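As the structure is a prediction and not an experimental result, all values here were calculated from the model.
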Amino acid sequence: MIGQRLEVRQGQGLVITPQLQQAIKLLQLSNQELETFVEAELERNPLLKRDEEADLPGEAGSELGGEAPVEAASDPHAELSFDEARPDAAEQAMDTRADDVYDASPGERATEGPGGGDEAQPGLSDWSRTGKGGPAPEGEGIERADSRALTLWEHLQAQLSGTPLSAADRAIGLALIDMVDDHGYLRGDLAEMADRLGCGIDRVEAVLAVCHGFEPTGIMARSVPECLKLQLVERNRFDPAMAALLDNLELLARHNLSALRSACGVDAEDLSEMIAELKALTPRPGAGFGGEPAQTVIPDVLVRPDPAGGWRIELNADTLPRLLVDKRYHGVVSAGARSDTEKTFVADCAAQANWLVKSLDQRAKTILKVSSEIVRQQDAFFAFGVEFLRPLNLKTVADAIGMHESTVSRVTSNKYMATPRGVFELKFFFTSAIQSVDGQSSHSAEAVRHRIKAMIDHEARDGDVLSDDRIVELLNEAGIDIARRTVAKYREALRIPSSVERKRRLKAG
């Protein structure tokens, strides 16, 4: 029998409230994006103000030595609670605790009730439109940056991410990219950078050789002759005569063609063709990437050696917005509110301001907690250099600090750590692992790569060239479970030729 009837049912449903959406977005924003968001909220919400007199959180941090990291609060914002009476709508706006966002992923948080919770509450900002989670109103939001053309740094970083380099070598590559000027030339001392990163100059030059294969051709050259040489090599036009021409560009600048012909060993016609080829090249490969000037990376976390041993981790006070709720002004506007609309608006502003202050404080504490655990896990890197990066994944950090894996992922996005070895994105410290044969332990991919390189370096001394299959056998005997294709990938990343080519060189040498 078909008919209509009314039923009341109670069940569980997943609800992502506007407050949860706000806290999630705040957690994954970079410090520059967060500052833009806070400025917009200060302009929109009359009950928010900056706490210029608050104590800076520069001394708030944690120390890592032999003991567990001591969790410390960031900036204990003033006036975190707001006890004045509010209408029911404002009370409901504060029902969601900020801690819920950081202890579990949104999908794990369920609320009971007969209805859904997708609709934004009256008077609340649409937090889902802030940051990277959705489209922002025209002229607002952080998504505007995505519509511009890629900068040279972003273009090179994208190509670096597509290389088979290890995490340690990618860190070297990022450091090299940071040394590229607007014209595309590498400026800086490689030996100094190698010393800072704790690795050999040969390794830095090997990574640079990989970067020289990036587009546009000639990028990251250290001089004009090297830039032109890279372009000529790609065109298969680099020969001894061209090499001599590049070595004597000052003669070309002075139009001393007779001296050039003598230096290159060519006649006037050949020299004219060679000069025409040079003019067809691009002496400034980075000039095609205009756009806005690159922004300086401001670290969110500072790591420095502790005099007593271990490491001291602190939040960068300059990146932490210090806000509080202006209770005095709230009392004034509350007393002057006459209509229900005015009272609701004041109550909603108070609820939003109170929630934002709490969310910012919890965000800072969470970043400090995750960063402290990363330093604990990768202490060998900070002490000894890039060679000692350990295998690490998000789950390991999440389990150690009692947070959800998705929370750790958001914390490590767009956050940077300043260390004695340079500034690194938090995601840099998460490296892959290679399982051992017994399945009980794991080896860092970086350590395996260096073991492969050491084996090949001994070939000239031993007179026995190792094939990739033989390297796999030797690594298996050493307790490392690795596939042949992985060995080949690591060998190519190290720019080591195949065993056939190495045999030819060994016979010739």
Minimum heavy-atom distance Leu197-Arg421, with the two atoms named:
CD2-O, 3.3 Å

Quick check against the 3.5 Å criterion: does Ser359 have a side-chain atom that pairs as donor or acceptor with the backbone of Trp355?
yes

Main chain of Gly310, side chain of Asp306: is a donor-acceptor contact present, judged purely on distance under 3.5 Å?
no

Can the ring centroids of Phe424 and Phe381 be said to lie less than 6.0 angstrom from one another?
yes

Mind checking whether Pro321 and Leu34 have side chains closer than 4.5 Å, heavy atoms only?
yes

Output for pair (Glu473 CD, Ile482 CD1), nearest 0.5 Å, gives 13.5 Å

Which distance, rounded to the nearest 0.5 Å, do you find between the CZ of Phe429 and the CG of Leu392?
10.0 Å

Search all heavy atoms of Ile313 against all heavy atoms of Ser371 and return the closest pair with its distance.
CG2-CB, 4.3 Å

Audit row: Gln378, Arg390, side chain to side chain contact (heavy atoms under 4.5 Å, CB included) steps and yes/no:
CA-CA 6 Å; Gln378 298 289 7; Arg390 296 171 179 165; 3.6 Å; yes

For Glu33 and Gln28, run side chain to side chain contact (heavy atoms under 4.5 Å, CB included): C-alpha distance rounded to whole Å, both residues' side-chain angles, the deciding distance at 0.1 Å, then the answer.
CA-CA 10 Å; Glu33 294 169 339; Gln28 63 191 20; over 6 Å; no

So CZ of Arg312 and CZ of Arg304: to nearest 0.5 Å the spacing works out to 5.5 Å

Under 3.5 Å: donor-acceptor pair, side chain of His155, backbone of Glu215
yes

Is Lys49 close to Leu323 at the side-chain level, that is, under 4.5 Å between some pair of heavy atoms?
no

Do Arg44 and Glu41 pass the salt bridge (charged side-chain N to carboxylate O under 4.0 Å, His left out) test, and can you show the C-alpha distance, the side-chain angles, and the key distance before you say yes or no?
CA-CA 5 Å; Arg44 188 188 64 81; Glu41 286 301 303; 2.8 Å; yes

State whether a side-chain donor-acceptor pair under 3.5 Å links Asn316 with Thr319.
no

Is the shortest side-chain heavy-atom distance between Ile496 and Arg502 below 4.5 Å?
yes

Does the distance from a Lys or Arg side-chain N to an Asp or Glu carboxylate O, for Asp464 and Arg470, drop under 4.0 Å?
no

Any chance you could measure Leu324, atom CG, to Leu47, atom CG, to the nearest 0.5 Å?
11.0 Å

Of the non-hydrogen atoms in Leu315 and Ala364, which two are nearest, and what is the gap between them?
CD1-O, 3.5 Å

Of all heavy-atom pairs linking Ala493 and Val210, the shortest is O-CG2, 4.2 Å

Lys/Arg N to Asp/Glu carboxylate O, Arg50 vs Glu35, below 4.0 Å:
yes

What I'd like to find out is whether the side chain of Leu160 reaches to under 4.5 Å of the side chain of Ile177, using heavy atoms alone.
yes

Taking all non-hydrogen atoms of both residues, which atom of Ala191 and which atom of Ile201 are closest, and how far apart?
N-CD1, 3.6 Å

Taking atom CD as the centre, does Glu43 end up with more than 12 heavy-atom neighbours from other residues, nucleotides or ligands that are less than 6.0 angstrom away?
no

Given Asp169 and Arg449, is the side chain to side chain contact (heavy atoms under 4.5 Å, CB included) satisfied, shown in steps?
CA-CA 11 Å; Asp169 284 343; Arg449 283 164 47 87; 2.3 Å; yes

Side-chain (Thr412) to main-chain (Val408) donor-acceptor, under 3.5 angstrom
yes

Criterion side chain to side chain contact (heavy atoms under 4.5 Å, CB included) against Ile471, the qualifying member of Arg484, Met455, Arg451
Met455

Contact check, side chains of Thr163 and Phe214, non-hydrogen atoms, under 4.5 Å
yes

When you measure from the side chain of His404 to the backbone of Ser406, do you find a donor-acceptor pair of N or O atoms at a distance under 3.5 Å?
yes

Exercise: do Asp300 and Asn31 side chains pair donor with acceptor under 3.5 Å
yes

Spacing of CD1 belonging to Ile219 relative to CD belonging to Gln159, to within rounding of 0.5 Å
8.5 Å

Say you draw a straight line from CG of Asp468 to CZ of Arg491; how long is it, rounded to the nearest 0.5 Å?
4.5 Å

Would a distance-only check, ignoring hydrogens and angles, find a side-chain to backbone donor-acceptor pair under 3.5 Å from Glu154 to Thr151?
yes

Trace of the side chain to side chain contact (heavy atoms under 4.5 Å, CB included) decision for Thr419 with Val301
CA-CA 9 Å; Thr419 75; Val301 183; over 6 Å; no

Looking at every non-hydrogen atom in both residues, tell me the closest pair between Val180 and Leu156 and how far apart they are.
CG2-CD1, 4.3 Å

Check whether more than 12 heavy atoms from other residues, nucleotides or ligands sit under 6.0 Å from atom CZ of Arg485, and answer yes or no.
no

For the NZ atom on Lys427, are there more than 12 heavy atoms of other groups (residues, nucleotides or ligands in this structure) within a distance under 6.0 Å?
yes

Output yes when a side-chain donor or acceptor of Ser413 lies under 3.5 Å from a complementary backbone atom of Ser409, and no otherwise.
yes

Do other residues, nucleotides or ligands put more than 12 heavy atoms under 6.0 Å from the CG atom of Asp469?
yes

Do Ser30 and Lys415 make a side-chain contact, defined as non-hydrogen atoms from C-beta onward lying under 4.5 Å apart?
no

Could you tell me whether the side chain of Met417 reaches within less than 4.5 Å of the side chain of Pro299, counting heavy atoms only?
no

So Leu474 and Glu477, do their side chains get closer than 4.5 Å, heavy atoms only?
yes

